[in-house]
Protein chains: 2
Amino acid sequence: MGKVRGELRSHCPINFGIEIFGDRWTLLVLRDLLLQGKRRFGDFQASEEGISSNILAERLDRLTHYGLVTAERVAGDRRQIRYEPTEAGRALLPVLVEMAYWGARHDPRTAAPKSFALAYEADRAGLLRSVEAGTNPSEG
Amino acid sequence: MGKVRGELRSHCPINFGIEIFGDRWTLLVLRDLLLQGKRRFGDFQASEEGISSNILAERLDRLTHYGLVTAERVAGDRRQIRYEPTEAGRALLPVLVEMAYWGARHDPRTAAPKSFALAYEADRAGLLRSVEAGTNPSEG
DNA sequence: CTCTTAACTTGCATTTTGCAAGTGAATATC
DNA sequence: GATATTCACTTGCAAAATGCAAGTTAAGAG
């Protein structure tokens, strides 16, 4: 059961996001969901950062609770649950892309290929569209 | 003393940002710094979310450690310390703007004026420039 | 001097995180 | 159809982070 969180500290539009995904794991789940096409519990667990199962379960609950994600059992294999981003979840893609660009430019050891930052700089809107369509060539 | 953090979980460009500002307070400090023009310890403390002084001190330390912020004593009043964003810190502005837009569009009780989301939709690049210049009319 | 201001520190209770192991239901295998 | 395996969690508990209140130190004001 997703624990219902109390009052927000403020309704500053930046704070709103922080209250939902301002922690060390939630944005990684959203990254996997929106950029890597992952849809299942085990997929998220398999990411290199190594989220543990109790944390992952709580975050998926919270994302569902806040309407960024939906969860449903898979017909054909009722053990599985498929997580899908909602419109509100997909609307976070530009946030992720800006963070990725910042990381690509400021982490001296970044794993992002140069082509990503270059593509961003050449045509941000185009990059966003291709990432949205899942046809972006400059990601792992 | 800023505690030096250990190894990063990964060099995914999104994770890099999370490791630095993925918590409930750091982005609020950056918001105050980049969007509200706040420069002093007491200014940050005065924000409506109510950060406590030990947390604030630790976050400022960390931001300084990671090179997003500089700290220096004010000549003329050596009690004061002035915090300034670096280039890397200012480069987070687009991330904050995307988060603000998302919050403005998805928090039903958002404090953001409609003009902000409308200005974003009409001319994102122009909004970014005006926010960068501190001449943005659609913020509190 | 004494008082006040500014920027922290410290102590401690509460909450969150993280690891390892365990559970229960559904499906695959023998 | 009994057994093993997969999947998505739960549970227990130690460790770390957070949050509140009060205290400290250095500098400037009166």
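Keep in mind that the numbers below use all heavy atoms, side chains included, and drop hydrogens, waters and symmetry copies. So you know, we letter chains A, B, ... as the sequences are listed, proteins then strands, and number each from 1.
- At a cut-off of 3.5 Å, with distance as the only test, no side-chain donor of A:E58 or A:N54 sits close to an acceptor on the other residue.
- Using a cut-off of 4.0 Å between Lys/Arg side-chain N and Asp/Glu carboxylate O, A:R109 and A:D107 are scored as not salt-bridged.
- In this structure, A:R40 places its CZ atom 12 Å from P of C:dT27, rounding to the nearest Å.
- Electrostatic pairing of B:E84 and B:R39 counts as a salt bridge here, judged by a charged N lying under 4.0 Å from a carboxylate O.
- With respect to A:E121 and A:R105, a salt bridge is recorded, a charged nitrogen being found less than 4.0 Å from a carboxylate O.
- If you measure from atom CG of B:L60 to atom P of C:dC8, you get 7 Å, rounded to the nearest angstrom.
- Judged by distance alone, the side chains of A:Q36 and A:R31 never bring a donor and an acceptor atom under 3.5 Å apart.
- Atom P of nucleotide C:dC8 and atom CD of B:E58 are separated by 13 Å, given to the nearest angstrom.
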Protein-nucleotides 14-16 of chain D N/O pairs closer than 3.5 Å?
none

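- Between A:L56 atom CG and C:dT17 atom P there is a gap of 13 Å when expressed in whole angstrom units.
- Here the C1' atom of nucleotide C:dA7 and the CG atom of B:D43 are 12 Å apart, to the nearest Å.
- Under 4.0 angstrom from either OP1 or OP2 of D:dA17 there lies no side-chain N or O belonging to B:W25.
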Pull out every protein N or O sitting under 3.5 Å from an N or O of nucleotides 19-23 of chain C, one pair per line with the distance.
| from | atom 1 | to | atom 2 | distance (Å) |
| --- | --- | --- | --- | --- |
| C:dC19 | N4 | A:N54 | ND2 | 2.6 |

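- A side-chain N or O of A:E49 and one of B:S10 form a donor-acceptor pair less than 3.5 Å apart.
- Under a 3.5 Å cut-off, the side chain of A:T86 and the backbone N or O of A:G67 do form a donor-acceptor pair.
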- Message: Would A:W102 and A:Y120 count as a ring-ring contact (aromatic ring centres under 6.0 Å, His included) here? Give the steps.
- Response: CA-CA 11 Å; A:W102 186 86; A:Y120 177 97; over 10 Å; no
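- When rounded to the nearest whole Å, the span between CZ of B:R59 and C1' of C:dA7 equals 17 Å.
- Within residues 76-83 of chain B, the residues having any heavy atom closer than 4.0 Å to DNA chain D are, in order of number, B:D77, B:R78, B:R79.
- Salt-bridge check for B:R90 with B:E132: failed, with every basic side-chain N at 4.0 Å or more from each acidic carboxylate O.
- A straight line from CZ of A:F41 to C1' of C:dA26 spans 17 Å, rounded to a whole angstrom.
- Under the 4.0 Å criterion applied to side-chain N and carboxylate O atoms, A:R124 and B:E98 are assigned as salt-bridge partners.
- Between A:R59 and A:D23 there is a salt bridge, with a side-chain nitrogen of the basic residue lying less than 4.0 Å from a carboxylate oxygen of the acidic one.
- In this structure, CD of B:Q45 is placed 14 Å from P of D:dG19, rounded to the nearest angstrom.
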